[in-house]
Amino acid sequence: MKITSTRMEEVVDASVMVPISPLSIVLTGVSVVLRFISIIINWSLAYDYWLEGSYSYTAWTIGSILLPMVIASAIYTNVNSDQRGMYSTVVLSYLFRDGYALHYALEYSKAQTQGHKELEIRYYQQMLREECDVGFIRLFDSFLESAPQKILQLVILMRSSKKLTYYRLLAFLIYFVSIAWCIQAYNRSNRLVQLDKYDIAAKGRFVQFLFLLCLTVSRTLGIAYMASLFPLETLGVCILHVCFCGTVVFVLDSPAIAKSRMLNYIYCLTFGVVYIFIFTPVKDGPTKYKYTSYLTFCLLQNIIVCVLYIALYFSIAIIALYVCGIILTIYYYLYCHPSILCP
């Protein structure tokens with residue numbers, strides 16, 4: 001998040017600070033709890049497969065945990081290496097990713113109650129900086145860890161005789177909720193550090209969460225079903241989708257995250273992975289036509305695949321969820337999006 005992190009220094013007095021509501025603090029706390037639950041579920045599933053003698057499923061599950069953990073920890077360590085020790089940073093990046101943001105938010109609230117303006121401003125700056133630093137990590141982690149985990153577990157369920165137990169149902173529920181939650185938190189943190197814009201109200205955050213949930217569940221179900229039938233072909237199509245979307249972002253948005261054009265392109269490919277499931281802006285600016293193009297493109301993908309390959313009952317669920325997500329997206333941008341700039 002190098003683009004927005006430089007704006008942290010602009011926060012110099014209370015006149016430009018967006019108030020942190022008790023609800024925001026509670027939601028940050030929920031993020032911490034969700035992170036713990038998802039970690040426990042991931043490792044528990046791997047252990048269950050090992051006990052059942054499904055060693056290939058065990059290996060795939062552990063691999064989909066360890067690889068994202070290493071990459072996300074490396075990114076987070078690089079971002080915060082000058083602020084904290086190496087060991088604490090690595091541990092925090094995996095277990096307590098939202099812990100510091102929660103701590104600073106609580107300290108800000110305490111200082112505000114006591115009327116300590118200097119402490120209030122300082123903790124507000126620290127909270128925004130932390131939100132900015134972990135924003136991209138949340139997004140990256142969601143689509144490198146949570147999304148592949150969901151697809152993997154759905155494919156295992158579809159291709160084997162394993163039953164959908166209450167525990168596995170809870171695992172899917174936590175996966176889907178956490179991924180929509182992470183995207184919503186990423187979008188909000190990006191908006192918070194743009195000091196000339198209003199924060200998203202509670203109603204808007206709820207509607208945003210709902211349309212993100214509908215769109216990501218629809219895409220995940222479709223990809224998982226196809227992967228259960230044609231695993232290599234589905235992987236190949238996903239790679240093409242990543243390259244196409246990453247190239248479009250690189251050409252149209254031209255983000256300047258690093259000095260090297262190659263590193264910038266790799267950054268865009270990372271967003272290409274995200275765009276398999278959902279659209280989120282790379283930089284600030286008008287997004288109406290981008291959303292329209294992306295959602296139309298993905299809806300057509302879903303319809304073609306459902307008609308050709310997917311069973312009717314599954315097709316209805318996939319398309320209905322995606323259409324519902326589109327309707328909620330339109331409603332959000334018409335009635336809930338805080339488009340007016342701060343004075």
Side-chain angles (χ1 to χ4, degrees), residues 23 26-49 52 54 57-58 60-62 64-65 68-69 72 94-95 97-98 138-188 202 205-228 274 276-278 280 302 310-311 313-325 328-329:
L23 176 62
V26 170
L27 292 178
T28 303
V30 171
S31 298
V32 176
V33 174
L34 277 178
R35 178 65 184 167
F36 268 112
I37 294 175
S38 64
I39 289 171
I40 292 170
I41 288 176
N42 287 343
W43 287 103
S44 297
L45 285 172
Y47 182 66
D48 285 345
Y49 292 140
E52 294 171 1
S54 303
Y57 292 158
T58 303
W60 278 105
T61 303
I62 291 176
S64 65
I65 295 171
M69 180 185 72
Y94 185 59
L95 297 176
R97 193 160 298 149
D98 296 281
R138 286 194 195 104
L139 187 70
F140 189 75
D141 178 71
S142 295
F143 293 100
L144 198 65
E145 179 181 320
S146 297
Q149 272 287 342
K150 286 187 294 185
I151 292 172
L152 175 64
Q153 300 308 324
L154 282 169
V155 170
I156 290 173
L157 190 66
M158 293 173 183
R159 298 192 68 179
S160 67
S161 58
K162 297 184 184 301
K163 296 181 179 179
L164 182 61
T165 62
Y166 287 114
Y167 183 72
R168 286 194 172 95
L169 183 61
L170 176 63
F172 288 128
L173 179 63
I174 294 296
Y175 287 152
F176 287 124
V177 169
S178 65
I179 200 168
W181 191 283
C182 284
I183 308 168
Q184 193 272 334
Y186 166 79
N187 290 336
R188 180 174 180 268
R205 295 178 68 179
F206 178 70
V207 175
Q208 189 180 61
F209 172 80
L210 287 181
F211 81 68
L212 290 169
L213 184 65
C214 289
L215 295 176
T216 53
V217 170
S218 173
R219 294 290 285 177
T220 303
L221 289 176
I223 293 170
Y225 195 98
M226 291 301 296
S228 68
V274 176
I276 293 177
F277 302 91
I278 193 69
T280 187
N302 287 356
I310 299 180
Y313 69 94
F314 229 76
S315 298
I316 293 173
I318 290 170
I319 296 175
L321 276 172
Y322 209 80
V323 171
C324 183
L328 286 170
T329 303

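Proximity of a side-chain donor or acceptor of T216 to a complementary backbone N or O of F277 within less than 3.5 Å is not detected.
Legend: residues meeting side chain to side chain contact (heavy atoms under 4.5 Å, CB included) with L152, ordered by chain and number and at least two apart, are W60, T61, S64, I156. Checked against side chain to side chain contact (heavy atoms under 4.5 Å, CB included), A317 has no partners two or more places apart in sequence or in another chain. Contacts of F211 classified as ring pair (Phe, Tyr, Trp, His ring centres under 6.0 Å), with partners at least two apart in sequence or in another chain: Y332. Y225 meets the ring pair (Phe, Tyr, Trp, His ring centres under 6.0 Å) test with F314; sequence neighbours excluded. For D48, the side chain to side chain contact (heavy atoms under 4.5 Å, CB included) partners are Y167, not counting sequence neighbours. Residues satisfying the side chain to side chain contact (heavy atoms under 4.5 Å, CB included) test with I276, not counting sequence neighbours, are I223, C238, H241, V242.
Proximity of I62 to W43: side-chain heavy atoms (C-beta onward) are separated by under 4.5 Å at one or more points.
Note that the CG atom of L45 and the CD1 atom of I40 stand 12.0 Å from one another [nearest 0.5 Å]. One finds the CZ atom of R219 at 5.0 Å from the CG atom of N302 (value rounded to the nearest 0.5 Å). Atom CD1 of I151 sits about 10.0 Å away from atom CE of M158, to the nearest 0.5 Å. Atom CG of L328 and atom CZ of F206 lie 9.0 Å apart (nearest 0.5 Å). Residue C324 holds its SG atom at 14.0 Å from CD1 of I319, rounded to the nearest 0.5 Å. The line from OG1 of T329 to CD1 of I278 is 6.5 Å long, rounded to the nearest 0.5 Å.
The minimum heavy-atom distance between L321 and S218, with the atom names listed, is CB-CB, 3.8 Å. Across all non-hydrogen atoms, the minimal contact from L154 to A224 is CB-CB, 3.6 Å. Of all the heavy atoms in L213 and F176, the pair that sits closest is CD1-O, 3.5 Å.
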